[in-house]
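Following: one structure in structure tokens, then a few remarks.
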4 protein chains.
Amino acid sequence: MNEPFQEQVAHLRRTQILTAAVTVFAARGFHRATIRDVAKAAGVADGTIYNYFPNKAALLLGILDPHNESEGRSDPAPPPPDAVDADAREFFRHLFRLRWSLLAGDKLSVLRVVLSEVLVNPELRTLYVERVIAPTFALAAPHLERLIAAGRLRPLDVPLTLRTMTATFLGLVTLRFMGDQHLQDQWDDVPELLTTLLLDGMLPRGSAAPSGEGDSHGTV
Amino acid sequence: MNEPFQEQVAHLRRTQILTAAVTVFAARGFHRATIRDVAKAAGVADGTIYNYFPNKAALLLGILDPHNESEGRSDPAPPPPDAVDADAREFFRHLFRLRWSLLAGDKLSVLRVVLSEVLVNPELRTLYVERVIAPTFALAAPHLERLIAAGRLRPLDVPLTLRTMTATFLGLVTLRFMGDQHLQDQWDDVPELLTTLLLDGMLPRGSAAPSGEGDSHGTV
Amino acid sequence: MNEPFQEQVAHLRRTQILTAAVTVFAARGFHRATIRDVAKAAGVADGTIYNYFPNKAALLLGILDPHNESEGRSDPAPPPPDAVDADAREFFRHLFRLRWSLLAGDKLSVLRVVLSEVLVNPELRTLYVERVIAPTFALAAPHLERLIAAGRLRPLDVPLTLRTMTATFLGLVTLRFMGDQHLQDQWDDVPELLTTLLLDGMLPRGSAAPSGEGDSHGTV
Amino acid sequence: MNEPFQEQVAHLRRTQILTAAVTVFAARGFHRATIRDVAKAAGVADGTIYNYFPNKAALLLGILDPHNESEGRSDPAPPPPDAVDADAREFFRHLFRLRWSLLAGDKLSVLRVVLSEVLVNPELRTLYVERVIAPTFALAAPHLERLIAAGRLRPLDVPLTLRTMTATFLGLVTLRFMGDQHLQDQWDDVPELLTTLLLDGMLPRGSAAPSGEGDSHGTV
DNA sequence: AATGAATGAGGCTTCATTCAT
DNA sequence: GATGAATGAAGCCTCATTCAT
């Protein structure tokens, strides 16, 4: 009866520390940030952190764990118009906008640090794939498949296409991290651009199809 | 008469150290790698490294400097079929394949470390943008513009499109670094996929155009 | 209630480290002494020192700071017979003896190191002048001036005379540091000698005055 | 026949290196100065220095060795009016002025470094005493003794008085090194001041003698 | 004898982690 | 559980010295 209370306190302390870690890591990067930095930002003593996390790396892992979300963000979020019925274009526009909107402020800074470390730290990498990448794929794949089945999309290699789309997101964020001015300026236009680009391609409307059979699309 | 010799020796030593750095950084990451690691891998004493580089970070910078390429690779490379005349599709296919082929073995490992550090190290970031990203854009932009002018591509926001394409590359590499099995298996199919995806989009051939004119999608 | 205790402990630790530093610096000199030496002498770990001092040089500065005196020595010290009324000779005798007595044991060893470093380290130099030299001048000047005003001393260039007197002290200490046997043997006679020398000069009593007019001393 | 030539070359090289060492040590201090600094200033390679000096410390020793004087300075110098006959005052005035004039520019800077190191380096200390201090005493003592014997000076403890005088010089230089403004401004007045102060003392002319017995000095 | 690249011991300092209070 | 001082391993870098050329 009392335990739940204790647990809640503990949970809050964990969250408090993780929040501080997010801030500090975002500001200084994982390696430059010290445990003391995090402790100060969290308003606790250095040692306290070790009551909740076995070591510094665990803070990074903790950040990735949705279980530790600071607020009970309704993660599922406004689910995309789960719609085969809807326009495919509308579906992707929603999807992209949603993803984009999730990348605000702190999230973006964290992503920078996580990406940086994920590239180089196998343990974190595994976790990141498990916790973030794989679920994303798992979530999106059925949609794609249904859209294809419904003929609203070309027959695509679903896994590879998903990866490409995800890659484009990751890459755009990366480029922005690198200080790209264009991206910074037109950041909010990106989802729209992506929608068009991915759905319609770069060729002029009405151009030849891939292996360009003259009539293949005339009938559509 | 003697100087050139000494210079060559020095250049070789530099290269020797950089090569070792590449290996070590690739294996352990920049932060986990110690100067001693690099020195050992290079077969020199710790101090020797500092005869050629002012500090550890300079090793990373050195890796980025094409001036330090181990072999005098004819960097210009087989220039893409500089062709408005050619098929746009052919152009991109070449471009993608070329870029892809440049990302072999060592290069890939280096990219991992560089990316990781670039995300978090402002100095390196600047250098990377200057040395790698910006030149890439500068090189590709005219091609895109000409293709658009020739009506072989839709009127696109060139800078943003370039960034998206680059981003997709970066992102795919990143995903592969994360151990993605699909990408690993089908790595060589990626250029072809990209060509199709970017040129034709995901919609079925003959589908509606971007902002849908009157009838084109009325049937949907 | 508890804080004062912690503070006291911290103060003690500081003192403990400074004391060790004094010993080690005195024995090995500042440059030859390592942080590890000091740490061992203080019975703490290397890192602990950095909880109390930002760097090695700060140890030296700390030594100069009277705030860190190991014992709460009643610094004001037996003030010299603040006496114009008293014999000028008596005044200086007291002054010299006092100064001399302050240069005992540890103090002397510290002075050696400090002097050595002060000569060459601008930062320390500034601090030393501020903390030690200037106060000494400020303290002594009024006395001299009063004695002169009272006609007990010749009209002297007070600042320059003060500097000369201080210089003589510094120089004697320096010579002793150089191992001079005579000084070592007659160390305790120095104050008396100085008193006589400075007050009466080296000329035989009754000799000509500076600009030596024949009769000026005939009356003596 | 050739050897003398070789020797001369070697001597010149030695001198060249020592001169550079003087400059560099004066500018950066002994510890902050590196062998490379000296080598560069001398226009030779690092290793060359070790053909002439066994180690870095030897450079400092070499500086003290009059054998290595850059130019054949007429060291004996305009010997003071070796004069019992002369006025004692004149003798000291000359002496002080001479010593003072020797402390110009480079010499002063070197003294700073040497003093600093002498205080802390036993080997150098010994050498300095042997080469500089002792000879000074040896040179001056007879003069003092003769002056005393001639009744031109009070009966003084010659060794101790000499040390005091030397000390005053050392100390004044030290104070100047510490940046004392007064000394810097009135540097050239110092010899005169010293002459007066040491000969006549600080008491007003005609004041009481040391332990002031009326007649005690009438007989001198 | 001159060179200067190579050496590698050693220094200062940082900081993740521990643990007595 | 919380604290934060203490710890000490480890890293980067300097630089006196050596030695092959």
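Just so we're on the same page: letters track the sequence lines, and every chain starts at 1. The structure displayed is predicted, hence computed values, not measured ones.
The line from CZ of D:R13 to CG of D:L18 is 13.0 Å long, rounded to the nearest 0.5 Å. The CZ atom of C:F177 sits 6.5 Å away from atom CG of C:L115, with the distance rounded to the nearest 0.5 Å. Here the straight-line distance linking atom CD1 of B:I63 with atom CG of B:L111 works out to 11.5 Å at 0.5 Å rounding. Separating the OG1 atom in B:T15 from the CD atom in B:Q8 is a distance of 10.5 Å, to the nearest 0.5 Å.
Using a 4.0 Å heavy-atom cutoff across all strands shown, B:A42 reaches no nucleic acid atom at all. The residue B:T34 sits close only to the backbone: its heavy atoms come under 4.0 Å of sugar-phosphate atoms, none of a base. Among the atoms of the strands shown, none is found under 4.0 Å from any heavy atom of A:V9. In this structure, B:A57 reaches neither bases nor backbone, as no heavy-atom distance under 4.0 Å exists between it and the strands shown. At the heavy-atom level, B:I35 lies under 4.0 Å from the strands shown only through sugar-phosphate atoms. No engagement by C:A39 is indicated, since no non-hydrogen atom pair under 4.0 Å with the nucleic acid exists. Heavy atoms of C:R13 sit under 4.0 angstrom from primed sugar atoms or phosphate atoms, though from no base atom. Using a 4.0 Å heavy-atom criterion, one finds that A:A58 contacts no nucleic acid atom at all.
Atom-to-atom, NE2 of C:H31 to P of F:dA16 comes out at 12 Å; the value is rounded to the nearest Å. We find that CZ of B:F30 is positioned 13 Å from P of F:dG11, with the value rounded to whole Å. One atom, CZ of D:F53, and another, C1' of F:dA16, lie 16 Å apart when rounded to the nearest Å. In this entry the distance linking CD1 of B:I49 with P of F:dC12 reads 10 Å, nearest Å. Atom pair A:R14:CZ and F:dG1:P shows a separation of 12 Å (rounding to whole Å applied). Atom-to-atom, CZ of B:R28 to P of F:dA10 comes out at 12 Å; the value is rounded to the nearest Å. The separation between A:R32 atom CZ and F:dG11 atom C1' is 16 Å, rounded to whole Å. If you measure from atom CG of A:D46 to atom C1' of F:dA2, you get 12 Å, rounded to the nearest angstrom.
Side-chain atoms of D:L64 and D:L124, non-hydrogen and from C-beta on, do get closer than 4.5 Å to each other.
Counting 5' to 3', DNA chain E first comes under 4.0 angstrom of a heavy atom of chain D and last does so at the ends given by E:dA1 to E:dG4.
Mapping A:Y50 and D:R36 onto DNA chain E by nearest heavy atom places D:R36 closer to the 5' end of the strand. Between C:T48 and B:N55, the residue anchored closer to the 5' end of DNA chain F is C:T48, taking for each the nucleotide with the nearest heavy atom.
One finds a side-chain N or O of A:N51 lying less than 4.0 angstrom from the OP1 or OP2 phosphate oxygen of F:dA2.
Paired regions of DNA chain F, where each region holds three or more successive Watson-Crick or G-U pairs whose two hydrogen-bonding distances fall under 3.5 Å, are E:2-21 with F:2-21.
The side chain to side chain contact (heavy atoms under 4.5 Å, CB included) test applied to B:V38 returns B:I17, B:A20, B:A21, B:V24, B:F25, B:I49, B:L59, not counting sequence neighbours. Applying the salt bridge (Lys or Arg N to Asp or Glu O under 4.0 Å) test to A:R32 and every residue at least two apart in sequence or in another chain returns nothing.
Residue pairs that meet the side chain to side chain donor-acceptor pair (under 3.5 Å) test with at least one member in residues 114-129 of chain C, sequence neighbours left out, are C:S116-D:S116. Applying the side chain to side chain donor-acceptor pair (under 3.5 Å) test to every pair with at least one member in residues 46-56 of chain D, sequence neighbours left out, gives these pairs: D:R36-D:D46.
A donor-acceptor pair under 3.5 Å links the side-chain atoms of A:R112 to the main chain of B:L119, judged by distance alone.
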